[in-house]
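Some notes on the structure that comes next.
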There are 2 protein chains.
Amino acid sequence: MGQKRFHAQEAYLYHHEIFASTFMPSLVQLLRIDASAPTLADNTGDADRLRRAVQAACGREVHLPFNRTVPVCRSFRAAGFAGWAAVAHLPAGACIADFLPERPARFCGMALDLGSTHLAAELVDLESGATVAAAGRANGQIRFGADILSRIHHAVRGGGGELQRAVLDDVRFLAGELAAAAAIVPTEIRVLAVAGNTTMTHLLLGLDPGQLCREPYIPQANVVEPFFAAELGLGLHPAAPVWVLPNIGSYFGGDLIAGILATDLWRREEVGMLIDVGTNAEVVVGNRDWLMACAGAAGPALEGGIARMGMRAETGAVERVRFDPATGDFRVATIGDAPARGICGSGMIDLGAALYLAGIIDVRGRLRPGSHPRVVATAAGPAFAVATAEEGAGGRPVLLDQIDLDNMIRSKAAMYSILKTLVHQLGLTFADIDRIYVAGAFGQHIDPRSAIVLGMLPDLPPEIFSPVGNSSLAGARRVISDREAAAIAMELGGRITYLELNVNHEFMNRFSGARFIPHTDPSLFPSVPRVEAGR
Amino acid sequence: MGQKRFHAQEAYLYHHEIFASTFMPSLVQLLRIDASAPTLADNTGDADRLRRAVQAACGREVHLPFNRTVPVCRSFRAAGFAGWAAVAHLPAGACIADFLPERPARFCGMALDLGSTHLAAELVDLESGATVAAAGRANGQIRFGADILSRIHHAVRGGGGELQRAVLDDVRFLAGELAAAAAIVPTEIRVLAVAGNTTMTHLLLGLDPGQLCREPYIPQANVVEPFFAAELGLGLHPAAPVWVLPNIGSYFGGDLIAGILATDLWRREEVGMLIDVGTNAEVVVGNRDWLMACAGAAGPALEGGIARMGMRAETGAVERVRFDPATGDFRVATIGDAPARGICGSGMIDLGAALYLAGIIDVRGRLRPGSHPRVVATAAGPAFAVATAEEGAGGRPVLLDQIDLDNMIRSKAAMYSILKTLVHQLGLTFADIDRIYVAGAFGQHIDPRSAIVLGMLPDLPPEIFSPVGNSSLAGARRVISDREAAAIAMELGGRITYLELNVNHEFMNRFSGARFIPHTDPSLFPSVPRVEAGR
């Protein structure tokens, strides 16, 4: 009954081309420079000589920022006017960040997914695009507030500096870990790309998040122009550009822009859809010509945040559930094959679909007492024993009651309604979508077939659905290693039409119809069998 | 016998258009902004809203640097999204430096002539181009070395930081003086333009001047890209751009580029010549199509630096001398009408010409004993008593001996040879020059007629010669108030052909012929009478 026995990956293809796209010129470039030594006849200044040589080598105008002039010129002269220039391609032009006498063993950048609970980072080789090292760490801001809102309030009450210092410490720690793994020092990290939600980028950069949570929900800045790592005291190379993926609004942050970059949604001919389920569900549909996005509160139940037995995808979480019609029993897989402690998002969706297919819940998601031996009576009413006291960790059962199921139904209804409304507003149907990218742990672990049975995801062939893993991190990595994508990132906001669901009547109407399994209109889900009540 | 009696100004025109050219858009611009307040339907970020409004107001893409994001956005929101944006037009693009709720009473920039002995500064109104206040101060680096070379050596021996701090203190002091005079605070100074020689700009910016004085005489940087005042801790507005006029080489600094800007040499149709006499004589010839420059050691004697009785143009300096053929005596004017203490540059030239016209020195500049009662015998040989012991300050005579005269002849020969070689290399003659701008105190005070009689300046009509005063300061002022000129300044170096005289044989040959008064070839000076020996 190990988790490997029926792994969701068999159900749909893993689209390798998402990660293995052709390597593009990176944001910071290493250029061989062989300048002539000064003579009476060619007596231009060191800075000007270097600028001229680098310009010739990279074919565009280059700047040498004032604060790099002395160290770069000193190194250029000490190296005998020949060596390697590190050139950063910034929105305001190319600029000489460093001069190295020898080709460095490693020429790296750092990609950072700035999650509100967890930070994930990778060290990327700027010449090959390969990932050299990876590291992760819990967000140090958690001690000031587990959720985003309490951190905003802490910042508004004067704790902004404290929150910023906490996350800067995390970034420095991760940079140290990555550097150690690659046998370099952090000051050899030549660029940092950061993807996070709007609040997290505000707190990292010391921006004021006070307006993010009050109408009309205004970020202090959506686009923050790239700057040098020294300005934040990050301990990387002082002239390492820090490229923060821009936000579109309070509820649509740089992590989503990262997803758009990671999936190449913005430059594909066919229409794609990106679904990112976190605290909210955020969805983007589009192609190289247009992009439309929206966000809605569909996430918590699916993330394991609302069900009382819900938990993050950690050891002991039920992550896969199947109903075996032959035995009439359930096969349950937990993470790490450990005794069950709770249910994570993918387990919840599997369980919901299995309960429906087993006739244990009806089309409204109501538990039917007596329909199965695992339906037990509790003080709060009937519940389903995912694990009995004998099966569960520490002798405690894992129970799912009606309230948990109702929450799940609301979440799945919200998700479907978001997708349907968005596609309809575009004058499209689901059949027009060529591929659906599902981000995060949710995308990595859900079985799309279960989500379809529940009526959460549209009834499309399973191979349409592609898990894209940590697309926030992948997008940050893309910025580092593809200077075209980096430039596009800064202007993607202007290309995206944002659909506000809070004031959308179509969404509200659709939500009601979506609160059934799979839907009040079964023709929308032709592949899902109609389960007779009392089967 | 006051200095006003025969002032050189009568001899040539003061070309007002040099200083009163049409006012151009300034480097830092004040723009009225009226942005709409955020709503649910228009919920872009504060930074993005401001960027959009400023872009619309100034008709070009604008940046908001990361380190200005928080203060600028805070002020923008506090002002109700309406007020005044300060926009700096930098080489890398326009950028929002500040946001002010009200139109400031003064919107100013600072122009600085960074002389090795004296700093001169002006506060310029950025909207009218008018000078609001002026201030000056001795260069605080003098205590580490009076001359440039000793300061370079001090820097090389580790005193660079000390020298930089000394001059930064001076700049801060001058900014304070200017601000006080205009009833503002230094942080309201929005831009600083600096013109100085190559060594002085190196020492101000903390660049390494070590290669400036050894072959092949290489500056660490000719073009230093504009940066923000906070980077040098100048105490001006933190985002005030600091625009340092670029150098062309070790011996041709930003002060000369300033002169080219101040005289509009680079954009006039007619051919002009700019002569700046300091420690060296620096000369530029050209027009809007081409510019050629050279520098040579012609200055010291003319600056009062070599003659033993030589002195700067201060009280008691002989600055004007005429021989009166009717009385056979000399009329001598001193600065401040005080008893004579020494001779300044313009006095030396006047005296040389007068001595020649009086027949007291011959064509080789040799004193003729017995030719005049003021020719006296000293232990070192014959000397000319510009002031007798009775006439001189403190009962001391002012004497000019043969060594002083020989030095002057060498200087005048060098000057003429520089000009002649430069013009000849261009395939021109002096008659092709439409105007000769003479910079500095030297230009302000010399009588061109005396310089022509001596054979130092070419025999052209006196109205060709225009004094341009402190062209270094005027050029810095031009940078502030004319953004086209500021941009041109950064690329002027690329337009200038530099003629190296140290290795020029033509110059050496011409120098020999120019060591006579006015010249071995009198046909070059038709207007100068041939004085018979023993007249």
Side-chain angles (χ1 to χ4, degrees), chain A residues 37-51 61 63-70 73-74 76-77 90-93 95 198 202 205-208 210-211 215-228 231-232 242 244 246-250 493-494 498 500 502-503, chain B residues 37-51 61 63-70 73-74 77 90-93 95 198 202 205-208 210-211 215-228 231-232 242 244 246-251 493-494 498 500 502-503:
Chain A
T39 61
L40 274 179
D42 175 16
N43 63 353
T44 191
D46 290 356
D48 316 276
R49 181 176 306 277
L50 176 60
R51 220 186 263 116
E61 200 194 347
H63 296 279
L64 176 59
F66 168 61
N67 58 25
R68 296 305 297 158
T69 304
V70 170
C73 287
R74 193 168 287 164
F76 178 53
R77 176 169 280 271
L90 299 174
C95 96
T198 306
H202 273 58
L205 299 176
L207 303 182
D208 180 359
Q211 301 296 323
E215 211 180 297
Y217 315 108
I218 307 299
Q220 186 163 62
N222 280 326
V223 176
V224 169
E225 300 183 19
F227 55 92
F228 288 144
E231 294 188 51
L232 269 189
V242 180
V244 179
N247 311 306
I248 310 296
S250 290
Y498 189 76
E500 182 58 64
N502 290 335
V503 290
Chain B
T39 63
L40 274 178
D42 176 16
N43 63 353
T44 190
D46 291 355
D48 316 275
R49 180 175 307 275
L50 177 61
R51 223 186 261 115
E61 200 193 348
H63 297 279
L64 176 59
F66 168 61
N67 58 23
R68 295 304 296 157
T69 303
V70 171
C73 287
R74 191 168 288 165
R77 176 168 278 271
L90 299 174
C95 97
T198 306
H202 273 58
L205 300 175
L207 303 181
D208 180 359
Q211 301 295 324
E215 209 178 299
Y217 314 108
I218 308 298
Q220 187 164 58
N222 280 327
V223 175
V224 169
E225 299 183 21
F227 55 93
F228 288 144
E231 294 189 51
L232 270 189
V242 179
V244 179
N247 310 308
I248 309 296
S250 290
Y251 294 114
Y498 190 77
E500 183 58 64
N502 292 334
V503 290

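We use all heavy atoms of the structure for the numbers below, so side chains are in, but hydrogens, waters and symmetry mates are not. It should be emphasised that the depicted structure is a prediction, and the values quoted were computed from it without experimental measurement. Here is how names work: the chains are called A, B, and so on, in the same order as the sequence lines, proteins then strands, and each is numbered from 1.
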Heavy-atom nearest pair, Pro216(B) first then Asn43(A), reads O-CB, 3.8 Å
Are Asn67(B) and Phe227(A) close enough, and set up right, to give a side-chain contact (heavy atoms from CB on, under 4.5 Å), and what steps lead you there?
-> CA-CA 8 Å; Asn67(B) 58 23; Phe227(A) 55 92; over 6 Å; no
Shortest non-hydrogen pair, Ala221(B) vs Thr69(A), comes out as CB-CG2, 4.0 Å
The residue among Leu207(A), Asp208(A), Ile218(A) that forms side chain to side chain contact (heavy atoms under 4.5 Å, CB included) with Asp46(B) is Ile218(A)
Interface check, chain A: of Leu64(B), Val224(B), Val244(B), Asp48(B), most non-hydrogen pairs under 4.5 Å belong to Asp48(B)
The interface call for Glu225(A) against chain B, heavy-atom contacts under 4.5 Å, is both
Whatever's closer than 4.5 Å to a heavy atom in chain A on Leu232(B) counts as side chain
Applying a strict 4.5 Å limit to non-hydrogen atoms, the region of Thr44(A) in contact with chain B is both
Between Asn222(A) and Gly45(B), the two heavy atoms sitting closest are ND2-N, 3.2 Å
Okay, Gln211(B) and chain A: the region with an atom under 4.5 Å from a heavy atom over there is side chain
Nearest heavy-atom contact between Val223(A) and Arg51(B) is O-NH2, 2.8 Å
Most contact-rich option vs chain B, by heavy-atom pairs under 4.5 angstrom, among Ala92(A), Cys95(A), Pro226(A), is Ala92(A)
Applying a strict 4.5 Å limit to non-hydrogen atoms, the region of Gln220(B) in contact with chain A is both
On a heavy-atom basis, the closest approach of Glu231(A) and Phe66(B) is OE1-CD2, 3.8 Å
Cut-off 4.5 Å, heavy atoms of chain A, and the answer for Thr198(B) is neither
